[in-house]
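As structure tokens, the structure follows; a few thoughts come after it.
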Amino acid sequence: MSRSAEIMRRARELFPGGVNSPVRAFRGVEGEPFVVARGQGARIWDVDGKEYIDYVLSWGPLVLGHAAPPVLEALGRAMQEGTSFGIPTELEVRLGEAVRARMPHVEMMRFVSSGTEATMSAVRLARAFTGRDAIVKFDGCYHGHADSFLVRAGSGVATLGLPNSPGVPEALASLTLTAPFNDADAVRAIFTARREEIAAIIVEPVVGNAGLILPDPGFLAALRAIASEHGALLIFDEVMTGFRVAPGGAAERYAVTPDLTTLGKVIGGGLPVAAYGGRREIMERVAPDGPVYQAGTLSGNPLAMAAGLATLDALTPAVHAAMEACTARLVQGLREIAQRRRVPFTAAHAGTMWGFFFRDEPVRSYADAKTADVARFRRFFHAALLRGVYLAPSAFEAGFMSAAHREPEIDLTLDRLDAALAAAG
Ligand code: PLP
């Protein structure tokens, strides 16, 4: 028995599915997860010593790669001063300023520890600000596991084929109205029917939780116009897209300004940080300035702030441009491989997020994504893993790029994936 298999056997005694977040169990690819020992740059090694080029990168946060020196140095320095205080620190202010410098529409913010906390709190705030209870979300968009969002959520929920989660009260689920992504008319129809009830539209501006789906030109601007017209707030969930699709996130890339923004992943550089923020008049409703309660023992934790700050500081426009060029090279290389091997294939990228589907037509919605050849994806995933390329273990997840992935890693990846596609058929 491999060491991975032995550790997973013990893990399954302790944790549901042997994991502490469902997608890690490899159910989407009908496989057995490996157990990781360490990471360096673009690569990880499992406990049996096998090496992989990693395109999951802790599901997005590690934009500088594993064990990035600036992050380790910042952590080392911060750690010497103590690991947690629950008292304001300058590091929080510095990270807040770094976020606002890149996203000026995030005038005020609140740090939390997970993307779920950020989106949950943003919706509470939107409800309080507008005095309305309903929200609009999109099929296949995942916004964390708070009750209001486990309605037609993508990602792990899609991987496991769960429509809505048991345990979410019907009364709450009925306040989450859903529309297909890239269908502004469907959103208009919902507002026509229920305009007085809708507090917010929440959207992943580039969907990363149903595979990667790009917004059609004008779609995000249409959402902006609809929300403004009806007195609802527009929330961009930039937990995944923030600092990835452009230095200033999707708001910068698509030139659409939301009222509230949620951030996570990259903002913590691999430590637990997330945030929600936006217009000052809205954020001033948050306690203690306002009545909307939200708190956290470890919010603004100094180690997490230090890792986030080191990451954002290192992520210069030049680094971002180099990463985007590598992402484009990978995606174009994959297209060429698939074409040569006559495999139905469509791929896309936005900044340093990328994705592909085994289907001929581009994917514009979750309904489209579901028509892709998932069986072929499973075969391809395992063939890639065997050859030392770790892709997300689900057909409904995005891929990521880091600054540690350079042209040699990309070309090696393409060679391995070419062989993997040949083997997967
Ligand atoms: N929002 C988006 C767009 C996400 O991709 C995720 C997680 O993948 C979340 C929210 C939830 O973040 P977390 O897993 O940190 O709770």
Side-chain angles (χ1 to χ4, degrees), residues 1-72 75-76 113-115 155-156 159-160 208-209 240 244 264-266 268-273 303-304 307-308 310-311 330 352-354 377-378 380-406 409-410 412-413 416-417 420:
M1 190 189 267
S2 69
R3 190 146 158 64
S4 265
E6 195 270 318
I7 293 172
M8 282 310 299
R9 185 189 57 74
R10 284 159 50 206
R12 275 188 284 270
E13 296 289 316
L14 292 166
F15 314 121
V19 293
N20 287 301
S21 198
V23 76
R24 298 179 197 170
F26 279 29
R27 298 270 165 96
V29 288
E30 296 172 357
E32 167 79 8
F34 61 88
V35 175
V36 69
R38 66 187 183 92
Q40 183 68 58
R43 291 173 165 78
I44 51 176
W45 287 263
D46 70 18
V47 290
D48 296 294
K50 185 169 167 53
E51 177 184 319
Y52 309 85
I53 304 176
D54 181 14
Y55 290 95
V56 184
L57 294 166
S58 187
W59 300 93
L62 301 180
V63 75
L64 303 180
H66 292 273
V71 175
L72 296 190
L75 280 172
S113 301
S114 72
S155 194
T159 305
L160 298 175
N209 284 292
M240 201 182 272
R244 273 213 170 269
K265 298 191 189 271
V266 168
L271 271 82
V273 185
L303 296 191
T311 300
L330 178 66
T352 66
M353 276 171 72
W354 59 280
F377 174 84
R378 287 186 189 125
F380 180 62
F381 167 84
H382 288 293
L385 196 67
L386 194 68
R387 289 163 178 79
V389 177
Y390 177 44
L391 303 171
S394 161
F396 302 108
E397 299 285 355
F400 300 101
M401 187 64 68
S402 88
H405 292 68
R406 304 278 167 80
E409 279 82 14
I410 304 302
L412 182 59
T413 300
R416 291 178 180 179
L417 292 184

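Judged by distance alone, with hydrogens and angles left aside, the side-chain atoms of T352 form no donor-acceptor pair with the main-chain N or O of F400 at under 3.5 Å. Side-chain atoms of S58 never come within 3.5 Å of backbone atoms of G60 as a donor-acceptor pair (strictly under, hydrogens ignored). With R24 contributing its side chain and P33 its backbone, the two residues share no donor-acceptor pair below 3.5 Å. Formation of a donor-acceptor pair under 3.5 Å by the D46 side chain with backbone atoms of D48 is found in this model. Without hydrogens or angle criteria, R387 side chain to A383 main chain gives a donor-acceptor distance under 3.5 Å. In this structure, the side chain of R378 engages the main chain of G28 through a donor-acceptor pair within 3.5 Å. The backbone N or O of F15 lies less than 3.5 Å from no partner atom in the side chain of N20, so there is not a single donor-acceptor pair.
Within the 4.5 Å cutoff, the side chain of I44 has no heavy atoms near those of the R38 side chain. A 4.5 Å side-chain heavy-atom check between V29 and F377 finds at least one atom pair inside the cut-off. Annotation: side chain of R27 is not in contact with side chain of P22 (no heavy-atom distance under 4.5 Å). Residues V47 and I7 have side chains in contact (heavy-atom distance under 4.5 Å, counting atoms from C-beta outward).
The line from CE of M8 to CD of E13 is 11.5 Å long, rounded to the nearest 0.5 Å. S2 contributes atom OG, which lies 12.0 Å from atom NZ of K50 (distance to the nearest 0.5 angstrom). Between the CG atom in D54 and the NE2 atom in H66 there is a gap of 3.5 Å [rounded to 0.5 Å]. If you take CG on L14 and CZ on R9, they are separated by 10.5 Å, rounding to the nearest 0.5 Å. Summarising the geometry, atom OG1 belonging to T413 is positioned 3.5 Å from atom CD1 belonging to I53; distances are rounded to the nearest 0.5 Å. Between M401 atom CE and R406 atom CZ the span is 12.0 Å, to the nearest 0.5 Å.
Nearest heavy atom pair, residue T311 against residue G269, reads OG1-CA, 3.3 Å. Of all heavy-atom pairs spanning G18 and A11, the tightest one is O-CB, 3.4 Å. Here the closest heavy-atom approach between residue A420 and residue A384 is recorded as CB-N, 3.6 Å. For the pair V71 and A307, the tightest heavy-atom approach, listed with the atom from each and the gap, is CG1-CB, 4.0 Å. Between P70 and A310, the closest heavy-atom pair is O-CB, 3.6 Å. Residues A42 and E409 approach most closely at CB-CG, 4.1 Å, considering heavy atoms.
Taking the ring-ring contact (aromatic ring centres under 6.0 Å, His included) definition, one finds that F26 meets it with F381, sequence neighbours left out. Scored by the side chain to side chain donor-acceptor pair (under 3.5 Å) test, H382 finds no partners at all (sequence neighbours excluded).
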*side-chain contact (heavy atoms from CB on, under 4.5 Å) assessment of Y390 paired with L385*: CA-CA 5 Å; Y390 177 44; L385 196 67; 3.8 Å; yes

*Start with the C-alpha distance between V63 and L57, add both sets of side-chain angles, then the distance that settles side-chain contact (heavy atoms from CB on, under 4.5 Å), and finish with yes or no.*
CA-CA 8 Å; V63 75; L57 294 166; over 6 Å; no

*Start with the C-alpha gap between Y52 and W45, add the side-chain angles, then the distance that decides, and say whether ring pair (Phe, Tyr, Trp, His ring centres under 6.0 Å) holds.*
CA-CA 6 Å; Y52 309 85; W45 287 263; 9.3 Å; no

*What's the verdict on salt bridge (charged side-chain N to carboxylate O under 4.0 Å, His left out) for R12 and E6, showing C-alpha distance, side-chain angles and the deciding distance?*
CA-CA 10 Å; R12 275 188 284 270; E6 195 270 318; over 6 Å; no

*Mind running side-chain contact (heavy atoms from CB on, under 4.5 Å) on R3 and V35 for me, showing each step along the way?*
CA-CA 8 Å; R3 190 146 158 64; V35 175; over 6 Å; no

*Which is it for K265 and W59 under the side-chain contact (heavy atoms from CB on, under 4.5 Å) test, yes or no, and what are the steps along the way?*
CA-CA 8 Å; K265 298 191 189 271; W59 300 93; 3.8 Å; yes

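Y55 and W354 have their aromatic ring centers within a separation under 6.0 angstrom.
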